[in-house]
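A short worksheet on the structure shown next.
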Amino acid sequence: MKVHKAQVLVESDCELGEGPIYLTGSGSVVWVDILRGRLLRYRMDTEALDVVEVGSSISSVVPRIRGGFAATLESGFFALDDKGGIVSRLGGAIHPQDSGLRFNDGKCDPVGRYWAGTMAKDGDAGKGALYCLDPSGKIEEKVSNVSISNGLAWNPLLGRMYFIDTPERSVVSWQYDLDTGRIQNPFEVIRLDDSHGYPDGMCIDAEGKLWVAEWEGSRVCRWDPASGNCLERIELPVSRVTSCCFGGADLSQLIITTARTGLDDKQLAEQPSAGSVFVANLSVRGFPVDAYPG
Ligand code: CA
């Protein structure tokens with residue numbers, strides 16, 4: 001098995017760094033700190049870091065074709081301006097502020113539908129769901145009884161969508177219709193045994209293989225969804241690895257977010273770079289981030 005070592009790209013003290021995207025135009029990495037409600041941006045060329053307090057928990061962000069961003073805040077989908085200020089709600093409210101739920105991982109599919117799931121803030125099982133905001137602003141619940149919605153990726157050539165409900169320790173594949181967004185016939189394609197951590201964020205490479213971040217696993221592993229086999233791994237010096245995306249000028253670097261939340265003082269002393277963003281150079285490329293057209 002090929003083993004890579006990740007290096008720190010940006011030192012950061014994110015409680016729950018998550019949802020990295022790479023903007024090819026500016027050569028920037030954008031990610032969120034869910035628990036501290038921060039939107040962070042790092043320019044690869046100038047090494048400038050910009051941190052914005054959004055005023056809400058923010059769990060995912062995507063570029064918006066008309067400018068600025070679309071993002072999931074605690075209770076639903078919102079438009080943000082280019083500086084990270086909240087502009088307006090997109091679609092209706094999903095749950096009230098006092099529901100005990102919050103949004104989690106989200107991403108646009110290859111035609112710009114924004115998929116994002118929810119979870120109970122206390123981790124209570126089965127309280128969340130997976131939603132889809134289409135470019136017209138209509139929101140549809142796609143999957144119910146989800147515990148911790150994570151890890152979205154699509155392979156339109158195969159007509160597959162991949163999804164992770166973290167406590168299940170598996171990656172599920174849906175038959176996916178690119179034209180309608182309909183998903184059906186889920187089945188498990190990857191199972192993470194006890195030698196792995198908990199599957200969290202995920203992205204797909206140009207060969208259709210899945211890169212899955214491992215919470216409590218100190219790594220990102222590359223998996224073949226056809227065989228269910230683990231093919232490569234990227235090792236990190238921190239345990240709580242949360243998500244990943246392809247970036248860099250030729251989209252052959254994996255950008256990886258991590259977390260500090262839940263680590264005790266001893267663990268934080270052993271993992272001083274927990275919460276930072278890491279990078280690993282790969283021989284395979286990924287895809288540019290898909291933007292929201294609505
Ligand atoms: Ca996540």
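For ligands, and for the atoms within them, numbers begin at 1 and follow the listed sequence.
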- Measure from the Ca ion (ligand 1) to every N/O/S atom of Asp200 and report the name of the nearest one. OD1

- Item | Shortest-distance N, O or S atom of Glu18 relative to the Ca ion (ligand 1) | OE2

- Could you go through the side-chain contact (heavy atoms from CB on, under 4.5 Å) check for Arg233 and Val220 one step at a time? CA-CA 6 Å; Arg233 70 172 187 265; Val220 177; over 6 Å; no

- Less than 4.5 Å apart, any side-chain heavy atom of Lys127 and any of Met119? no

- Item | Salt-bridge present (Asp264, Lys266; N to O < 4.0 Å) | no

- Message: Under 3.0 Å from the Ca ion (ligand 1) - does any N, O or S atom of Thr242 fall there?
- Response: no

- Query: Is the Trp154 ring parallel, tilted or perpendicular to the Tyr176 ring (thresholds 30°, 60°)?
  - Reply: tilted

